[in-house]
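Comments concern the structure below.
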Amino acid sequence: LFPYTTLFRSIRYNPAMEKVTIKIDSLSYKGRGVGRVDNIVYFVPLAAPEDLLEIEIISREKHFRTGRIVKIIEPSPYRVEPVCPYFGKCGGCDWQHVSYKQQLTEKRNILNETIIRIGKTAADIGPVIPSPKVYGYRNRTRLKFIKGGGIGFYEAESNRLIEIDSCPVLSPGINGFLLRLKSESFPKPVSQDEIDIYEDPKGPLRYSFVSQNKKDTMPFSQVNHEVNSLLRDRIRSLIKRYIHGKNRPDILDLYCGDGNLSLQLSDIAGNITGWDLSAAAVKKGMETVHRNNLKNVVYKKGDIGKNRAETEKLSARADILIIDPPRRGLKGIVSSIAGMGVPLIFYISCVPPVLARDLRDFIEEGYVIKKIIPFDMFPQTYHLETLAVLTRL
């Protein structure tokens, strides 16, 4: 069976370890199966909802236990055969053993539970927008070089590396490049230990070597081009509905990157101003602005907190605020952003607990959640991209 045992190879098997029979109820954020025995919660990696399992307990905490699968007594109706030969050992995917339809159901349930528990509110959450591709969707990756000429990813729950030949989640173009990368004729770096690879839908595949003291070599971009387009289209349609019969809105785009979400709005907006800390991303965005001769769009490099006076000046006439922060979200600055008083906010997050925390803070500052739309940017994993729409009371 078992790639399942490789997930915890560092734990020496002990026949005396306590074993438990458990029915898995659901999946959790972080991707583990969740079940209960005698009112104690158990987390079980690589379990599927409705699995009946024999597990052995590998760690005990005050309020929960962690186990690993010893035997699948009755497999879940949602359990499927993983596509990847490295699944269960590689740390990249969490849910290849769960049907895609059920993955979407579990992600929506996790998001809903998280917003209720952390956000302290109920919200209108739509169904998860599925990815057109459930494999072969990922357009960028970072791989480690392995001594002896191989390339690979980290093992699950480990800093060990697993050598790979290909990855079914990566795009066909990147998988083709991996064959070149592994060949003896490909020039290998001497001082770098990683490689970033990115496949632009409108340009050639690009790559850059990464040294340990320089981790960010390319501007941020979404890993799933098709779902990114669905997200952009939904924002555009919501804004067009909002401005029906009104003047063109002024849009402020915080954490704008290269203009991924706001450039496409230039034809329906009054003025668009974006801010981002990444000089490379802002430069790329402005190159697109100039190439398309857009007179109503400008992107600037700057720290939102440190440039508060200017952003507040801009927000005084902004009708719409787009916020797509990094994974840490808006901790400590929701009050400042809410204080801008922008009537309509589109907040995008890829971390449900962070989203829930920030939504709770926006509610305390006088905003209401109109709707929440989840997008499956990352099939086969527990990760989820979410669009929250907020308005002022």
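Because the structure is a prediction, the values reported are computed rather than measured.
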Do the side-chain N and O atoms of [X] and [Y] include a donor-acceptor pair separated by under 3.5 angstrom?
{"X": "Asn228", "Y": "Asn260", "value": "yes"}
{"X": "Tyr299", "Y": "Asp253", "value": "no"}
{"X": "Thr121", "Y": "Arg360", "value": "no"}
{"X": "Gln96", "Y": "Glu81", "value": "no"}
{"X": "Glu54", "Y": "Thr21", "value": "no"}

Output yes when [X] and [Y] qualify as a salt bridge under the 4.0 Å nitrogen-oxygen rule, no when they do not.
{"X": "Lys182", "Y": "Glu163", "answer": "yes"}
{"X": "Arg68", "Y": "Glu56", "answer": "yes"}
{"X": "Asp51", "Y": "Lys23", "answer": "no"}
{"X": "Lys371", "Y": "Asp124", "answer": "no"}
{"X": "Lys284", "Y": "Asp276", "answer": "no"}

With distance as the sole test, does [X] use its side chain to make a donor-acceptor pair with the main-chain N or O of [Y] at under 3.5 Å?
{"X": "Ser76", "Y": "Pro49", "answer": "yes"}
{"X": "Gln103", "Y": "Val98", "answer": "yes"}
{"X": "Asn296", "Y": "Ser266", "answer": "yes"}
{"X": "Ser158", "Y": "Arg160", "answer": "yes"}
{"X": "Glu385", "Y": "Ile348", "answer": "no"}
{"X": "Asn292", "Y": "Thr288", "answer": "yes"}

Would you say [Y] ends up clustered with [X] if hydrophobic residues are merged whenever their side chains have heavy atoms under 4.5 Å apart, either directly or through other cluster members?
{"X": "Ile116", "Y": "Ile372", "answer": "no"}
{"X": "Met340", "Y": "Tyr255", "answer": "yes"}
{"X": "Ile322", "Y": "Ile333", "answer": "yes"}
{"X": "Tyr135", "Y": "Val223", "answer": "yes"}
{"X": "Phe153", "Y": "Phe209", "answer": "yes"}

With a 4.5 Å cut-off on side-chain heavy atoms, are [Y] and [X] touching?
{"X": "Tyr382", "Y": "Lys107", "value": "no"}
{"X": "Ser131", "Y": "Met377", "value": "no"}
{"X": "Ile337", "Y": "Leu321", "value": "yes"}
{"X": "Lys301", "Y": "Ser278", "value": "no"}
{"X": "Ile57", "Y": "Val20", "value": "yes"}
{"X": "Tyr347", "Y": "Leu330", "value": "yes"}
{"X": "Leu111", "Y": "Leu384", "value": "yes"}
{"X": "Leu104", "Y": "Asp376", "value": "yes"}

About how many Å separate [atom2] of [Y] and [atom1] of [X], when rounded to the nearest 0.5 Å?
{"X": "Leu53", "Y": "Ile69", "atom1": "CG", "atom2": "CD1", "answer": "5.0 Å"}
{"X": "Lys120", "Y": "Ile363", "atom1": "NZ", "atom2": "CD1", "answer": "12.0 Å"}
{"X": "Glu113", "Y": "Ser28", "atom1": "CD", "atom2": "OG", "answer": "9.5 Å"}

Atom of [X], atom of [Y] and distance for their closest heavy-atom approach:
{"X": "Asp258", "Y": "Leu263", "answer": "O-CD1, 3.5 Å"}
{"X": "Ala318", "Y": "Val342", "answer": "O-CG1, 3.9 Å"}
{"X": "Ala388", "Y": "Leu359", "answer": "CB-CD2, 3.9 Å"}
{"X": "Phe87", "Y": "Cys93", "answer": "CE1-O, 3.6 Å"}
{"X": "Ile272", "Y": "Leu265", "answer": "CD1-C, 3.9 Å"}
{"X": "Gly173", "Y": "Leu205", "answer": "O-CD1, 3.7 Å"}

Leu178: which of Asp165, Thr141, Leu143 passes side-chain contact (heavy atoms from CB on, under 4.5 Å): Leu143
With respect to Leu355, which candidate in Leu387, Ile118, Thr386 satisfies the side-chain contact (heavy atoms from CB on, under 4.5 Å) definition?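 One option only clears the test, and that one is Thr386.
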Is the charged tip of Arg392 near the ring of Tyr367: under 6.0 Å from the six-membered ring centre and within 45° of its axis? yes
Asn247 CG: over 12 foreign heavy atoms closer than 6.0 Å: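 Open: at most 12 neighbouring heavy atoms sit under 6.0 Å from CG of Asn247.
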Within a 6.0 Å radius of atom CZ on Arg117, are there more than 12 heavy atoms belonging to other residues, nucleotides or ligands? yes
Which ring pair (Phe, Tyr, Trp, His ring centres under 6.0 Å) pairs, counting each pair once, include a residue from residues 101-134, with sequence neighbours left out?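 Counting only pairs at least two positions apart or across chains, no ring pair (Phe, Tyr, Trp, His ring centres under 6.0 Å) contact touches residues 101-134.
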Can Gln222 and Val227 be said to form a side chain to side chain contact (heavy atoms under 4.5 Å, CB included), step by step? CA-CA 9 Å; Gln222 294 288 11; Val227 175; over 6 Å; no
Give the C-alpha distance, both sets of side-chain angles, the deciding distance and a yes or no for side chain to side chain contact (heavy atoms under 4.5 Å, CB included) between Arg36 and Asp25. CA-CA 8 Å; Arg36 289 168 176 80; Asp25 301 319; 3.9 Å; yes
Trace of the side chain to side chain contact (heavy atoms under 4.5 Å, CB included) decision for Arg234 with Ile129: CA-CA 11 Å; Arg234 183 59 62 93; Ile129 307 299; 4.0 Å; yes
Passes ring-ring contact (aromatic ring centres under 6.0 Å, His included), Phe64 versus Tyr42? Steps please. CA-CA 6 Å; Phe64 66 90; Tyr42 287 77; 9.7 Å; no
Pair Tyr198-Phe177, ring-ring contact (aromatic ring centres under 6.0 Å, His included): steps then yes or no: CA-CA 10 Å; Tyr198 174 63; Phe177 178 78; over 10 Å; no
Can you name the one residue among Arg248, Arg236, Lys295 that meets salt bridge (charged side-chain N to carboxylate O under 4.0 Å, His left out) with Asp267? Arg236
Could you go through Arg65 and Ser59, starting from their C-alpha distance and side-chain angles, then the distance that decides it, and tell me whether this counts as side chain to side chain donor-acceptor pair (under 3.5 Å)? CA-CA 6 Å; Arg65 310 282 188 266; Ser59 72; over 6 Å; no
The test is side chain to side chain contact (heavy atoms under 4.5 Å, CB included); show your working for Ile323 and Ile345 and say whether it passes. CA-CA 8 Å; Ile323 316 172; Ile345 294 178; 3.8 Å; yes
